[in-house]
Amino acid sequence: MNTSTAIGFIGIGTMGEPMASNLVRAGIPLTVWNRSAERCEPLSRAGATVAQEAADVFARCDTIILMLANGAAIDAVLGRGTPEFVARVAGRRLVAMGTVSPGYSEALAADIRAAGGHYVEAPVSGSRKPAEAGQLVAMLAGDDEDLAAVRPLMAAMCRECFECGPVPSALRMKLAVNVFLITMVTGLTEAAHFAERHGLDMERFAAILSAGPMASDVSRVKAAKLVQRDFARQAGISDVLKNSRLIVEAAREAAVAAPLMETCFSLYGETEALGFGEEDMAAVVRAFEARTSNRIGSDRIGSDRIGSVIISAT
């Protein structure tokens, strides 16, 4: 790889900041931009060049990584639907690492190619801590030449990369992986809530899980969070809700049954509505707690009504 050419990185958020930091540590010249400029300060201190405007990144770089929250943010940065779009993408390679709908990505790839650009899907599996450690798992989709060009960049951020075929196969694969991740963590949370409400020793509950066949890196981290009531964000409720929505929509479009994800979608939506959207996904326990409280309240009301009927009858 020719590391004398700067690589662009747009989107310095919860995941983008550690990912970009790993690129800088690998000696890759990086030009970064974020809508909130203060997010770029740690990268500037580490040696990255901070662009004043998104347009400056496209002017300086032939390959630009996008780690953005949704399609609207991507469209705004690319100037999609405006005269600036062709100027920004022609002759450049766009690497989209955020999670968006497969249909959106497929349409974006077609527009970029029509404008003379190149497009790679590269969503990743993992949260902030794996991102900090360079232990993400990437799923890649695109033309062979483009995939070969971005692999050295992926190596600085990811433990492994898997080629999934043409766009949007990587995003479909990411959603399939997330079905397991989201339902697993939600099931763990329900188990912890069940244990806590039965007065069990929560430290022992976590130890038994970690010693058993269901244990994983994810379960150990999330179980500790639940025991300690530590909901500092790694993968946030709002992000998991977005991913759940994408999965449910993709399942409905393909007429695929997804009953567990339908339930998870409701639970994460309830947690966000309670005001905990910025907390870690383990905070979905708050939705379980709210449902339990409502059920107890309903049971009490029901008991009171039965008592009133009995008293009236006597």
Using the rule that two of Ile, Leu, Val, Met, Phe, Trp, Tyr join whenever any of their side-chain heavy atoms come within less than 4.5 Å, decide whether V120 and M19 are in one cluster. yes
Where do K222 and T189 land on the side-chain contact (heavy atoms from CB on, under 4.5 Å) test, with the steps shown first? CA-CA 8 Å; K222 299 306 182 188; T189 303; over 6 Å; no
Is there side-chain contact between T99 and L246, with heavy atoms separated by less than 4.5 Å? yes
Gap separating the CZ atom of R93 from the CG atom of D143, nearest 0.5 angstrom: 10.0 Å
Quick check: is V57 connected to I12 through a chain of hydrophobic side chains (ILVMFWY, heavy atoms under 4.5 Å apart)? no
Determine, stepwise, if the pair R151 / C158 fulfils side-chain contact (heavy atoms from CB on, under 4.5 Å). CA-CA 10 Å; R151 271 191 170 273; C158 304; over 6 Å; no
Below 4.5 Å, heavy atoms only, C-beta onward: do V32 and V24 meet side chain to side chain? no
Start with the C-alpha distance between F9 and I64, add both sets of side-chain angles, then the distance that settles side-chain contact (heavy atoms from CB on, under 4.5 Å), and finish with yes or no. CA-CA 6 Å; F9 199 111; I64 299 100; over 6 Å; no
Evaluate salt bridge (Lys or Arg N to Asp or Glu O under 4.0 Å) for E289 paired with R295, printing each intermediate quantity in order. CA-CA 10 Å; E289 291 166 349; R295 175 169 292 182; over 6 Å; no
For residues E17 and S21, is any side-chain donor paired with an opposing acceptor at under 3.5 Å? yes
Quick one, I112 and R92 - any side-chain contact, counting heavy atoms below 4.5 Å? no
Might you point out which heavy atoms bring S169 and A141 nearest each other, and give the distance in Å? N-CB, 4.4 Å
To the nearest 0.5 angstrom, please state how far the CE atom of M281 sits from the OG atom of S127. 9.0 Å
Euclidean distance, F205 CZ relative to L226 CG, rounded to 0.5 Å: 7.5 Å
Is it true that, when you exclude Q52 itself, more than 12 heavy atoms of the residues, nucleotides or ligands shown sit nearer than 6.0 Å to its CD? no
In short, A232 meets K225 closest at the heavy-atom pair O-NZ, 2.7 Å
Only one of T271, L274, D280 clears side-chain contact (heavy atoms from CB on, under 4.5 Å) with I237; which? T271
Let me confirm one number: the CD-CD distance from E279 to Q234, rounded to the nearest 0.5 Å. 12.5 Å
How far apart are the closest heavy atoms of V100 and S105, and which atoms are they? CG2-CB, 4.2 Å
Whether the side chain of K174 engages the backbone of G98 through a donor-acceptor N/O pair (distance < 3.5 Å, no angle test) should be reported. no
Hydrophobic cluster membership, with links at side-chain heavy-atom distances under 4.5 Å among I/L/V/M/F/W/Y: are F85 and I74 in one? yes
Test item: L188 and L209 side chains (from C-beta on) under 4.5 Å apart, heavy atoms: yes
Looking at I182, is its backbone amide N or carbonyl O close enough to the side chain of T186 to form a donor-acceptor pair, meaning the two atoms are under 3.5 Å apart? yes
Would a single hydrophobic cluster contain both I65 and M15, if residues Ile, Leu, Val, Met, Phe, Trp and Tyr are joined by side-chain heavy-atom contacts under 4.5 Å? yes
Test side chain to side chain donor-acceptor pair (under 3.5 Å) applied to E272 and S238, step by step: CA-CA 7 Å; E272 185 179 67; S238 57; 4.9 Å; no
Just verifying a value: how many Å separate L94 CG and L66 CG, rounded to the nearest 0.5 Å? 5.5 Å
Tell me, with the steps shown, if M97 and M154 meet side-chain contact (heavy atoms from CB on, under 4.5 Å). CA-CA 10 Å; M97 299 193 72; M154 297 297 116; 3.8 Å; yes
Establish whether F58 and I7 are linked, either directly or via other cluster members, by ILVMFWY side-chain heavy-atom contacts under 4.5 Å. no
Atom CZ of R204: over 12 foreign heavy atoms under 6.0 Å: no
Is there a donor-acceptor pair closer than 3.5 Å between any side-chain N or O of T82 and the backbone N or O of E84? yes
Taking side chain as C-beta onward, heavy atoms only, is R291 less than 4.5 Å from E270? yes
Looking only at heavy atoms, what is the nearest atom pair of P168 and E121, with distance? CA-OE2, 3.1 Å
Spacing of D111 atom CG and E106 atom CD [to the nearest 0.5 Å]: 11.5 Å
Just grab all the ring pair (Phe, Tyr, Trp, His ring centres under 6.0 Å) pairs involving residues 252-298, residues at least two apart or on different chains. none
Are there more than 12 heavy atoms of other residues, nucleotides or ligands under 6.0 Å from atom CE of M173? no
Test side chain to side chain donor-acceptor pair (under 3.5 Å) on N22 and R25 and set out the steps. CA-CA 5 Å; N22 284 330; R25 278 193 286 272; 2.6 Å; yes
Kindly check if the number of other-residue, nucleotide or ligand heavy atoms within 6.0 Å of CG (N70) is above 12? yes
Using a 3.5 Å distance criterion without hydrogens, assess whether the side chain of S101 forms a donor-acceptor pair with backbone atoms of Y104. yes
Taking C-beta and beyond as the side chain, do L108 and L78 meet within less than 4.5 Å on heavy atoms? yes
Heavy-atom closest contact (R220 atom, S210 atom, distance): NH2-O, 3.3 Å
Non-hydrogen side-chain atoms of L175 and P102 separated by less than 4.5 Å: yes
What do you reckon, is CD of Q228 surrounded by more than 12 foreign heavy atoms closer than 6.0 Å? yes
Taking all atoms of both residues into account, what is the closest heavy-atom pair of A206 and V227, and its distance? CB-CG2, 3.9 Å
So, N243 side chain and D239 main chain: donor-acceptor pair closer than 3.5 Å or not? yes
Pairwise side-chain contact, D56 with W33, heavy-atom cut-off 4.5 Å (strictly under): no
